[in-house]
Amino acid sequence: MCGIAGIVGKSPVNQRLYDALTVLQHRGQDAAGIVTAVDGLVCMRKGQGLVRDVFSQQDMLELRGNIGIGHVRYPTAGYDSASESQPFYVNAPYGIVLGHNGNLTNASELADVLIREERRHLNTSSDSEVLLNVLASELQRVGTPRVTAADVFAAVSALYRRCRGAYAVIAMVIGHGILGFRDPNGIRPLVIGQRETAKGIEWMLASESVALDMLGFTQVRDVAPGEAVFIAEAGRLHTQQCISTTRHAPCIFEYVYFARPDSIIDNVSVQRARMRMGDRLAEKIRRECPDHDIDVVIPVPDTSRVAALQLAQGLGLKFREGFIKNRYIGRTFIMPGQEERQKLVRSKLNAIDLEFRNKTVLLVDDSIVRGTTSAQIIELAREAGARKVYFASAAPPVRHPNVYGIDMPAASELVAAGRSNEEVCEFIGADWLIYQDLVDLELACQHDDSYIKEFDTSCFSGMYVTGDVTTEFLGRLQQERSDAAKARRRIGGSTLKIVRGV
């Protein structure tokens, strides 16, 4: 999962891209980058770390120009190194810079073709670099000094025929404009915004609408699945549906965990979706355990707070904040390895004894993925004096790997894979465990005015919307991206350098 943003402005965009990345920081904490352009000159700064740590005042002064793109990275593919920080740049044709959110499912096959047949060099193992080179290869066929919007759309149409998986992309063609497009299933989000200024209309593309809001842009709409938008440097917007066969199935985990509650994705408010998750979970508890002895509902900060409050109201129970979160610790789920996740839980959360002592508490979290974090949180509640600890998940059991950009690559790392709900309950040390039903989660993420008919629910259902995910693919994914594989790469340290095509 990553965050991307791009602006075609009438004034310098460096500070605005920086600000956009700070509100998209929840989508990636491994690395950040901004690229701007002025008079054909590319200005780039990227590196590992949080946005605030990557960019100095001098860096910002050097990021000149009224057009640019930015990226925050959360590594699910490739290696945790500065070389994999985005945006990526290739100098031909025209000079192209690209930031990508998602994962390609046929990256290895594409890389082989690019190296052997198209004589392109790949310097990293990132599928984003593969995507960039496919786009560059297709634009190379134009063969003229200037490209038109029609040329760009033809290149994206060809890219759609070659690339499979999940991808929301923002790319800058130097001296021409900014391009954005979304995979034919619309798995990863991308929105368009505009702002009127005294000098004319400015345009912005971003992963989430919250980035538009904080910069004063009005959300125009979501980029449609299979659609490309091209904003020329002068500020003219061009759009085209580049592939006719689409299946709109956005990732439901965006609403469960990743997106900010103040975002609207595919015409659905994340805040309202989480409220409905709490409503439906309360209904299930009322059905299955009408004589419960719950004294208080306590959320696991922060993502579950909205659902927990709604659940408490639905059951007529007290809602209390029982954990204090250290705001200077990153999101535990998107830490690069299980060891890092485990050691950060206790430094991230501290229990307020008064809210737990001699009470039967219902802890509510957005989901249970690996289970070890949940187990430590339950242990904290018991140490604080809870008489009983019940646990509710606003999402169904995560039993299958995610291949579309979320760091769940190995079924062996998922606590619910191969375990019954009762066995998961025992594993995490709860006195009782309840999960949201998948049908209720889907209904919670829809409303009367939404145009979403289905979601990608693959990590819950095992049904992959791209239709190309095989058992062999999942096995290879586990070998390449599991926590164990990441640990082996970290042991190699800076001496490990992968150069394709050599």
Novice: Over 60° means perpendicular and under 30° means parallel, so tell me whether Y74 and F258 are parallel, tilted or perpendicular.
Specialist: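 Geometry flag for F258 against Y74: tilted rings.
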
Novice: My understanding is that only one of V424, T372, V369 makes a side chain to side chain contact (heavy atoms under 4.5 Å, CB included) with V415; could you say which?
Specialist: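 Of the listed residues V424, T372, V369, the side chain to side chain contact (heavy atoms under 4.5 Å, CB included) partner of V415 is V424.
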
Novice: Hey, what's the ring geometry for F460 with F253, parallel, tilted or perpendicular (30° and 60° as the breaks)?
Specialist: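 Correct class here is tilted.
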
Novice: Between T466 and Y404, is there a side-chain donor-acceptor contact under 3.5 Å, judged purely by atom types and distance?
Specialist: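 A donor-acceptor contact under 3.5 Å links the two side chains.
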
Novice: Roughly how far, to the nearest 0.5 Å, is CZ of R188 from CG of N101?
Specialist: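 Reported to 0.5 Å precision, the distance equals 5.5 Å.
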
Novice: Will you find, in the side chains of Q25 and Q29, an N or O donor that is under 3.5 Å from an N or O acceptor?
Specialist: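 The answer is no; no qualifying pair exists.
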
Novice: With the side chain counted from C-beta on, respond yes when Q86 and H100 share a heavy-atom pair under 4.5 Å apart, and no when they do not.
Specialist: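 In short, these two side chains touch, coming nearer than 4.5 Å.
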
Novice: Between D222 and N267, does any side-chain donor sit less than 3.5 Å from a side-chain acceptor?
Specialist: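 D222 vs N267: no donor-acceptor pair found between side chains.
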
Novice: So, R27 and E254, do they make that salt bridge, N to O below 4.0 Å?
Specialist: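 A salt bridge links R27 with E254.
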
Novice: Between H121 and E129, does any side-chain donor sit less than 3.5 Å from a side-chain acceptor?
Specialist: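 Distance-only check fails for H121 and E129.
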
Novice: Under a plain distance cut-off of 3.5 Å, with no hydrogens placed, do T105 and D468 share a side-chain donor-acceptor pair?
Specialist: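 Yes, because at least one side-chain N or O of D468 sits under 3.5 Å from a partner of the opposite role on T105.
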
Novice: Is it the case that the side chain of Q241 and the backbone of P225 share a donor-acceptor pair, with hydrogens and angles ignored and the cut-off at 3.5 Å?
Specialist: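 Checked: pair present.
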
Novice: Just checking, is any N or O donor in the side chain of E84 or S128 under 3.5 Å from an acceptor N or O on the other one?
Specialist: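 Looking only at side-chain atoms, S128 and E84 do not form any donor-acceptor pair under 3.5 Å.
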
Novice: In the structure I gave you, are the side-chain heavy atoms of S458 and N402 within less than 4.5 Å of one another anywhere?
Specialist: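 With C-beta onward as the side chain, the pair touches.
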
Novice: Does K10 have more than 12 heavy atoms from other residues, nucleotides or ligands lying within 6.0 Å of its NZ?
Specialist: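 More than 12 within 6.0 Å, yes.
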
Novice: Quick check: do I69 and V97 have side-chain heavy atoms less than 4.5 Å from each other?
Specialist: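 With C-beta onward as the side chain, the pair touches.
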
Novice: With the threshold set at 4.0 Å, does a side-chain nitrogen-carboxylate oxygen contact exist between R182 and D266?
Specialist: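 A salt bridge is present here (some side-chain N lies under 4.0 Å from a carboxylate O).
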
Novice: With a 4.0 Å cut-off on N to O distance, would you call E118 and R162 a salt bridge?
Specialist: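 Answer for the salt bridge query: yes.
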
Novice: So, the side chain of R247 versus the backbone of V465: is there a donor-acceptor pair under 3.5 Å, distance only?
Specialist: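 Pair found, side chain donor or acceptor close to backbone of V465.
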
Novice: Whether the side chain of Q436 engages the backbone of A394 through a donor-acceptor N/O pair (distance < 3.5 Å, no angle test) should be reported.
Specialist: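 Between the backbone of A394 and the side chain of Q436 there is a qualifying donor-acceptor contact (under 3.5 Å).
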
Novice: State which residue, out of I7, V220, V229, I178, fulfils the side chain to side chain contact (heavy atoms under 4.5 Å, CB included) condition with W203.
Specialist: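 Result for side chain to side chain contact (heavy atoms under 4.5 Å, CB included) with W203: V220.
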
Novice: Checking R399 side chain against A416 main chain: does a donor-acceptor pair fall under 3.5 Å?
Specialist: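 Yes; at least one donor-acceptor contact below 3.5 Å.
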
Novice: Looking at side-chain heavy atoms only, is the closest gap between I231 and L179 below 4.5 Å?
Specialist: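 No, too far: nothing below the 4.5 Å cut-off.
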
Novice: So, D19 versus T22: side-chain donor-acceptor pair below 3.5 Å or not?
Specialist: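 Short answer, no.
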
